[in-house]
Amino acid sequence: MTATPVPRTDTPTEAAPATGIAAAAEHTAAGAATGAEAAEAVEALLLVDLQTAFVAGDEAVPDAARVLDRGRALLARARAAGALVVHLQNDGAPGTVDEPHTPGWELHLPVEPDPRESVIRKSEDDGFDGTPLGALLDGAGVRSLALCGVLSEMCVAATARTALARDFRVVLPHDAHATYDIPAAAGISERVPAALSSRAAEWALGDEVEIVPRAADVTFTAPRRGR
């Protein structure tokens with residue numbers, strides 16, 4: 001995953017309601033979701049690239065606090081239900097913020113020593129590309145999953161798209177993924193706020209993905225082979 005962070009000039013708080021463009025994007029997402037909540041519990045949680053470089057410090061995505069909050073809540077519920085948990089960790093190229101074994105590469109949320117919880121390293125946007133993710137999910141009997149993490153239009157979207165192609169049921173909570181602002185480009189566009197970029201990314205996945213407004217709407221169950 002390669003992106004050019006747009007420096008943050010403020011520190012978002014979880015308590016503040018969304019306003020302006022962010023509020024409009026959230027309202028639009030709720031109206032276009034496939035349902036008010038996920039119809040059925042899912043059997044796995046994929047946490048996509050919740051690495052320090054992207055969710056902490058001055059170069060974090062603008063909505064890092066929200067995504068981490070939702071990620072922690074999803075993780076707690078998935079663990080409690082006995083669902084499979086996979087932390088995807090991107091190996092960036094030398095000199096990038098997520099270069100392996102640098103501080104920015106480290107996973108920001110702790111991984112529990114549990115056979116139902118794994119870390120899978122990747123070097124491409126798609127978490128299935130060149131990794132054991134597909135075999136792990138299939139071996140556990142997983143047929144449905146939820147995703148959260150960063151970046152919406154890159155690793156989150158690429159992984160979701162392949163999951164759909166492999167006939168997994170995919171649930172994507174609107175408030176549990178994020179990206180950076182798209183910088184202005186002369187003769188092309190003004191700056192595109194991160195909230196709109198994230199919304200466009202989930203919309204582009206088509207009508208097979210289940211977009212739900214809130215991570216709180218996602219429930220979990222153990223994979224059939226784990227029950």
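The shown structure was predicted, so the numbers you read here are calculated from the model rather than taken from an experiment. Numbering starts at 1 and runs along the sequence shown. Values below: all heavy atoms of this structure, side chains included; hydrogens, waters and symmetry mates excluded.
When all heavy atoms of G149 and L50 are compared, the closest pair comes out as CA-CD2, 3.8 Å. Smallest separation of non-hydrogen atoms from H108 and A56: CE1-CB, 3.8 Å. The minimum heavy-atom distance between A44 and F220, with the atom names listed, is O-CE2, 3.9 Å. Nearest heavy-atom pair, P62 versus A194, reported as atom, atom and distance to 0.1 Å: CG-CB, 4.1 Å. When all heavy atoms of L172 and L147 are compared, the pair lying nearest together is CD1-O, 3.6 Å. Closest approach of A215 to D175, counting heavy atoms only: N-OD1, 2.7 Å.
For the atom pair OG (S144) and CZ (R224), the distance works out to 10.0 Å, reported to the nearest 0.5 Å. Note that CD1 of I182 and OG of S197 are 3.5 Å apart. Values are rounded to the nearest 0.5 Å. Between the CG atom of D63 and the OH atom of Y180 there is a distance of 12.0 Å, given to the nearest 0.5 Å. Between the CG atom in D217 and the NE2 atom in H174 there is a gap of 12.0 Å [rounded to 0.5 Å]. Separating the CG atom in D49 from the CG atom in D98 is a distance of 7.5 Å, to the nearest 0.5 Å. Between the CG atom in L47 and the CD atom in Q89 there is a gap of 12.0 Å [rounded to 0.5 Å].
The closest side-chain heavy-atom distance from F168 to T162 is not below 4.5 Å. Taking the side chain as every heavy atom from C-beta outward, T219 and R77 never approach each other to under 4.5 Å. By the 4.5 Å heavy-atom criterion applied to side chains, R214 and R70 are not counted as neighbours. Between P132 and I120, some side-chain heavy-atom pair lies under the 4.5 Å cut-off. Taking 4.5 Å as the limit, every side-chain heavy atom of L45 sits out of range of all side-chain heavy atoms of L84. Side-chain contact check for L164 versus V209: some heavy-atom pair is nearer than 4.5 Å. In this structure, the side chains of R121 and P100 come closer than 4.5 Å at one or more pairs of heavy atoms. Counting only heavy atoms from C-beta outward, the side chains of L145 and V170 approach each other to under 4.5 Å.
Between the side chain of S118 and the main chain of V86, no donor-acceptor pair closer than 3.5 Å is present. Remark: the backbone N or O of V156 is not paired with any side-chain donor or acceptor of T159 at under 3.5 angstrom. Between the E117 side chain and the E112 main chain, a donor and an acceptor come within less than 3.5 Å of each other. Put simply, the side chain of E43 gets close to the backbone of R143: a donor and an acceptor are under 3.5 Å apart. The backbone N or O of F128 lies less than 3.5 Å from a partner atom in the side chain of D126, making a donor-acceptor pair.
Using modelled atom types, one finds no donor on one side chain facing an acceptor on the other under 3.5 Å when comparing S123 with D91. Side-chain contact annotation: H177 with E202, donor-acceptor N/O pair under 3.5 Å present. For the residue pair S152/T179, the side-chain donor-acceptor check at 3.5 Å is not satisfied. When only modelled atom types and interatomic distance are considered, E106 and T52 share no side-chain donor-acceptor pair under 3.5 Å.
In terms of the salt bridge (Lys or Arg N to Asp or Glu O under 4.0 Å) criterion, E190 has no residue partners (sequence neighbours excluded). Applying the salt bridge (Lys or Arg N to Asp or Glu O under 4.0 Å) rule to R116 yields the partners D114; only residues at least two apart in sequence or on another chain are considered.
Criterion: ILVMFWY side-chain heavy atoms under 4.5 Å apart, direct or through other members. Under it, V212 and L75 are part of a common hydrophobic cluster. Hydrophobic clustering (side-chain heavy atoms under 4.5 Å, transitive across Ile, Leu, Val, Met, Phe, Trp, Tyr) keeps W105 apart from L151.
Checking N90, D129, T131 one by one against K122, the side-chain hydrogen bond (donor to acceptor under 3.5 Å, both in side chains) holds for a single residue, N90.
Other members of the cluster containing L107 are V111, V119, with ILVMFWY side chains joined at under 4.5 Å, either directly or via other members.
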_Intermediate values then yes/no, side chain to side chain contact (heavy atoms under 4.5 Å, CB included), V42 and V218_ = CA-CA 8 Å; V42 297; V218 181; 4.0 Å; yes
